[in-house]
Amino acid sequence: NIDTAMYAAKSSGKNNFKFFTEKMREQINERMQMENHLRQAILRNEFELHYQPQVDLGTGRIIGMEALVRWNHPEWGMVHPEKFIRVAEECNLVIPLGEWVLCEACRQISQWSRQGLEAVCISVNISARQLKSRYLFTLIDNLMMTHQIKPGMLELEITESAVMDDPEQTIPRMKELKNKGVALAIDDFGTGYSSLSYLKLLPLTRLKIDRSFVKDIETDPNDAAICAATIALARTLGLGLVAEGVETEAQLEYLRAQGCDSAQGYYFSKPLPANNIMAFVSRHQQEVMSS
Ligand code: C2E
Ligand code: MG
Ligand code: MG
Ligand code: MG
């Protein structure tokens, strides 16, 4: 659509074309500014992780948490990943950022487990670029050893497109990770290019149904059908399942009725700063026990 914009601008006169190039220059400047700020942010340690609980729909207990990165910019305030992950990917900064995320998540896992938080798996999002770097595997090895991460305490979330990008290389690496006791989930399932024949070959633990299918589950019969089919697929393949972005009781009830294992979303909790997690979890688990 750059071409059509260019054509429209050209065909309606010189001024429009000038406007168009100025707009482009503005975008390029913004992008370069973001890149510079990101570089600084890594050096200045401006990132933090928030955690969103995942609830088992059978027992009601919290069984996991997804680590979600936040950028605490000195002027812009708290920046969400939609605003910067893509830029970080494009300029390769997602590698050092992703390393920081993994280190921080593993440090947090060991701190929480010393504080008595048990049987809660922490999920970390891994970008396509990261998955391609051999160093990722060395890093995870080291982190698991240093922080005494036990099997099942760490899960990596990978998108379909990241896996399908280079399956010949990725699948053996995923198997290596699985052997080390790292759980593997497909994130945003249903939004990428899936191949069911690859799905069968992947050493997965869970699928995560994308939020876009859950959102209109009550009103859109297609979305409801996609969720039901994904739940059935996961069950057939012997995989766990998490529904993302559950906001209402009705969404939850539909998913539960279809046999969905677990869910995360604002209905249970927004992502919380690490400091609020212990209190949230103990309050939640107590409520479950007393009900
Ligand atoms: P994701 O992995 O699919 O994460 C789920 C996103 O949905 C999160 O957005 C979460 O805050 C949001 N969400 C959860 N429940 C609800 C809900 O009930 N309603 C609505 N409207 N939204 C909900 P967030 O934190 O802004 O993250 C966006 C994306 O950025 C993530 O999508 C993930 O792809 C990426 N990301 C986050 N942290 C990292 C990271 O450490 N590394 C990499 N590579 N990517 C990350
Ligand atoms: Mg995720
Ligand atoms: Mg997701
Ligand atoms: Mg998503």
Side-chain angles (χ1 to χ4, degrees), residues 38 41-42 46-55 62 64-72 77-109 121-133 136 139-140 143 154-163 165 183-192 194 204-218 223 227 230 240-252 255 262-274:
L38 265 177
I42 289 170
E46 289 173 359
F47 296 101
E48 54 186 79
L49 292 182
H50 286 194
Y51 294 87
Q52 187 174 41
Q54 298 169 341
V55 173
I62 292 171
M65 281 185 282
E66 179 173 6
L68 294 156
V69 71
R70 302 291 178 255
W71 178 8
N72 197 351
M78 208 56 99
V79 190
H80 281 239
E82 269 103 1
K83 295 253 157 59
F84 65 85
I85 284 288
R86 187 178 312 164
V87 179
E89 287 254 3
E90 284 164 8
C91 57
N92 251 330
L93 286 170
V94 82
I95 301 274
L97 173 62
E99 279 169 17
W100 179 84
V101 169
L102 265 172
C103 292
E104 175 55 19
C106 289
R107 189 199 59 75
Q108 191 66 75
I109 293 173
C121 174
I122 305 295
S123 310
V124 174
N125 292 283
I126 298 293
S127 79
R129 290 250 177 156
Q130 258 181 303
L131 199 61
K132 282 192 175 161
S133 104
L136 175 73
L139 179 66
I140 290 177
L143 287 171
L154 175 67
E155 175 177 75
L156 305 184
E157 294 189 5
I158 305 166
T159 61
E160 295 158 279
S161 9
V163 177
D165 205 21
L184 296 167
I186 295 286
D187 202 358
D188 305 341
F189 184 74
T191 61
S194 304
L204 297 173
T205 15
R206 306 201 285 182
L207 300 182
K208 298 192 77 177
I209 303 183
D210 191 65
R211 173 158 55 102
S212 60
F213 302 119
V214 173
K215 200 166 136 271
D216 299 321
I217 226 173
E218 298 154 73
D223 284 341
C227 286
T230 307
L241 194 88
V242 198
E244 297 186 305
V246 174
E247 294 184 357
T248 69
E249 180 105 44
Q251 290 167 345
L252 185 66
L255 290 162
S262 57
Q264 82 184 72
Y266 296 169
Y267 179 77
F268 299 108
S269 171
K270 292 203 166 187
L272 301 170

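Every number for a ligand or one of its atoms is a count from 1 in the order of the listing.
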Side chain, backbone, both or neither: the part of His50 lying under 4.0 Å from ligand 1 by heavy atom: neither
With Phe268 via ring pair (Phe, Tyr, Trp, His ring centres under 6.0 Å) - residues at least two apart: none
Option set Gln264, Glu82, Glu66, criterion heavy-atom distance to atom 26 (O) of ligand 1, minimum: Glu82
Per-residue contact class, Ile85 against ligand 1 - non-hydrogen pairs under 4.0 Å: side chain
Contact (N/O only, under 3.5 Å) between Val94 and ligand 1: no
Any N/O pair Tyr267/ligand 1 closer than 3.5 Å: no
Within-cut-off N or O pair, Gln130 and ligand 1, under 3.5 Å: no
Pick from Gly245, Ala263, Pro271: the one approaching atom 11 (O) of ligand 1 most closely through a non-hydrogen atom: Pro271
For the student: nearest non-hydrogen atoms of Val55 and Ile62, plus distance: CG2-CG1, 4.3 Å
Per-atom contacts of ligand 1 with Gln52, taking only distances under 4.0 Å to non-hydrogen atoms: 14 (C), 15 (N)
Ring pair (Phe, Tyr, Trp, His ring centres under 6.0 Å) involving Tyr51 - partner list, sequence neighbours excluded: Trp112
Every N, O or S from the protein that is nearer than 2.8 Å to the Mg ion (ligand 2): Glu66 OE2, Asn125 OD1, Glu157 OE1, Asp187 OD2
CD1-CG distance between Ile85 and Leu97, expressed to the nearest 0.5 angstrom: 5.5 Å
Nearest candidate to atom 4 (O) of ligand 1, where distance is taken over non-hydrogen atoms, out of Leu68, Leu49, Thr159, Asp188: Leu68
Test side chain to side chain contact (heavy atoms under 4.5 Å, CB included) applied to Asp216 - qualifying residues, sequence neighbours left out: Thr219, Asp220, Asp223
Reported CD1-to-CG distance for the pair Ile186 and Leu241, which is rounded to 0.5 angstrom: 12.5 Å
Arg86 CZ: over 12 foreign heavy atoms closer than 6.0 Å: no
Heavy-atom closest contact (Tyr266 atom, Glu247 atom, distance): CD1-OE2, 3.8 Å
Trp71 and Phe84 aromatic ring geometry - parallel, tilted or perpendicular at 30°/60° bounds: perpendicular
